[in-house]
Protein chains: 2
Amino acid sequence: MATAIIKNRKQQIHHTAKNLFRERGYAATSMRHIAGELGIEAASLYSHIKSKEEILQLICFELAEQFLKSSDELQRKKLPAKDLFKQAVTAHIRIITQNMDSSVVFLHEWRHLSEPFLSDFKLMRKRYENFYKNILKAGAEEKKFQIRDEKLTLFVIFSAMNGIYEWFTPKGKLQPEEIAEQMVEVFLNGILKY
Amino acid sequence: MATAIIKNRKQQIHHTAKNLFRERGYAATSMRHIAGELGIEAASLYSHIKSKEEILQLICFELAEQFLKSSDELQRKKLPAKDLFKQAVTAHIRIITQNMDSSVVFLHEWRHLSEPFLSDFKLMRKRYENFYKNILKAGAEEKKFQIRDEKLTLFVIFSAMNGIYEWFTPKGKLQPEEIAEQMVEVFLNGILKY
DNA sequence: CATCCTAACTAACGGTCGTTAGGCAAATAT
DNA sequence: ATATTTGCCTAACGACCGTTAGTTAGGATG
């Protein structure tokens with residue numbers, strides 16, 4: 001059939017918005033901007049979407065659900081901490097690299113959500129953080145990980161994974177799976193030679 | 001003399017702006033917002049500052065210069081790579097934790113700078129990144145570091161350090177020096193027990 | 001052919017934006 | 001005591017904001 005390239009207008013709008021929200025930020029992107037990119041008038045967007053914020057909501061929650069779905073699936077596998085850790089990092093990086101624009105918006109523009117969406121979003125993020133926190137805890141109990149401060153360790157890992165958008169390009173020589181592998185290596189063993 | 005608490009209006013404006021730019025982003029912060037926080041009218045700000053962007057410029061370049069000054073000083077010390085690395089990370093984290101609001105603005109709002117400031121800023125950042133890149137290179141040459149991909153390693157380190165604002169509070173139990181120490185430990189040896 | 005639906009349009013709404021001009025009262029300097 | 005400077009004010013500017021209303025052209029459907 002070979003379709004899948006031609007997207008309907010709603011999808012086009014969301015695609016363009018993701019791109020602009022990433023590039024210029026949500027607040028600095030106007031509806032006239034998005035419309036201009038598609039060669040139509042700002043008012044015409046409202047035939048397809050309800051509001052500017054609705055677009056942001058969709059981006060944020062779509063990605064949040066991907067992260068949570070992935071963590072739920074991994075949790076069910078009952079793996080040893082080290083294996084679970086590896087797979088979790090790999091899954092996270094896969095989602096980030098496959099959704100670069102959305103990821104940046106997800107990471108930095110969620111604060112422009114209004115209530116109750118803002119609170120919902122924070123809750124989902126907390127749930128996902130806890131998934132990782134439990135992996136670290138389990139690893140420590142298994143005497144496999146040595147963790148001096150849990151919060152610090154957790155956020156070193158998250159920051160490194162979430163910072164990928166700063167330097168990753170799909171056309172570069174490092175592909176998602178290799179990034180995951182190398183990053184796990186750094187987290188587990190560091191960069192010191194001995 | 002015990003002054004230093006009462007600041008002149010210009011300083012107050014910059015202080016308030018840093019805070020709001022961090023909290024809501026540059027684009028979503030209005031001059032009327034800043035003024036309101038200080039109990040005056042928006043137009044009155046212009047007795048003390050030239051423009052909204054001037055404030056952003058000051059925040060961004062002030063911090064960029066701190067980072068570069070610190071790296072220049074360390075470079076002059078001619079330390080072995082491992083020691084230089086430790087001191088560089090410690091210095092970076094000290095600057096971040098001592099300038100939390102500015103740091104967040106520096107990290108995320110620089111893109112709203114107009115030319116030629118935008119290009120200047122990117123250049124300074126590049127210079128600073130190269131300082132770290134050279135530390136990694138030197139460590140590899142000294143056979144102290146094993147680095148599979150330089151860019152990945154570099155950005156894991158930067159992301160972890162720059163992500164500190166996500167979780168650090170000055171009143172928490174972890175103080176900047178301990179954070180630096182533990183983070184260096186994670187970078188060098190990882191979290192694996194063996 | 002007549003009808004309905006879709007996706008766009010123009011025009012406009014009330015509001016907010018950054019910024020300028022000009023004035024005025026209090027503080028400071030002469 | 002007088003002159004100057006400072007720090008704020010009000011009023012307003014043109015531009016842009018997100019969004020609504022009403023319309024229209026063209027294609028699909030009966």
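The model shown is predicted, which means the values in this text are computed figures rather than measured ones. The sequence lines fix the lettering, A, B, ..., with proteins before strands; numbering per chain opens at 1.
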Against the side chain of A:Ala42, the closest entry in D:dT19, D:dT10, C:dC9 is D:dT19

Is the cationic atom of B:Lys52 (NZ for Lys, CZ for Arg) positioned less than 6.0 Å from the six-membered ring centroid of B:Tyr26 and within 45 degrees of its normal?
yes

With B:Asp101, the salt bridge (Lys or Arg N to Asp or Glu O under 4.0 Å) member among B:Arg22, B:Arg24, B:Lys18:
B:Arg22

Does the cation-pi check pass for A:Lys137 over A:Phe145, that is, NZ or CZ under 6.0 Å from the six-membered ring centre and within 45° of its axis?
no

Could you tell me whether A:Ser30 contacts a base, only the sugar-phosphate backbone, or nothing, with contacts defined as non-hydrogen atoms closer than 4.0 Å?
sugar-phosphate

Write down the distance between CD1 (B:Ile40) and C1' (D:dT10), rounded to a whole number of angstrom.
14 Å

Atom-pair distance (CG on A:Leu45; C1' on C:dT10), nearest Å
15 Å

Look at B:His48 and D:dT6 and indicate whether a side-chain polar atom (N or O) is within less than 4.0 Å of OP1 or OP2.
no

Do the side-chain N and O atoms of B:Glu178 and B:Gln182 include a donor-acceptor pair separated by under 3.5 angstrom?
no

In whole angstroms, how far is the P atom of D:dC17 from the NE2 atom of A:His112?
15 Å

Between D:dA12, D:dT19, C:dA8, spot the one nearest the side chain of A:Arg32, thanks.
D:dT19

B:His33 side chain N/O closer than 4.0 Å to the phosphate oxygens (OP1, OP2) of C:dC17?
no

Of the nucleotides D:dA21, C:dC17, C:dT19, which has the atom closest to the B:Ser51 side chain?
C:dT19

Tell me the interatomic distance from B:Tyr46, atom OH, to D:dC13, atom P, rounded to whole angstroms.
18 Å

Give a yes/no answer on whether the side chain of B:Arg9 brings an N or O atom under 4.0 Å of OP1 or OP2 in D:dT6.
no

Could you tell me the separation between the CD1 atom of A:Ile49 and the C1' atom of C:dA8, rounded to a whole number of Å?
15 Å

Return the value, rounded to whole Å, for the distance between atom CE of A:Met31 and atom P of D:dT19.
6 Å

Rounded interatomic separation in angstrom, taking CZ from A:Arg24 and P from D:dC17
10 Å

Look at the side-chain N and O atoms of B:Ser44 and state whether any lies under 4.0 Å from the OP1 or OP2 oxygen of D:dC9.
yes

B:Leu56 has an atom CG; how far is it from atom C1' of C:dG18, in whole Å?
14 Å

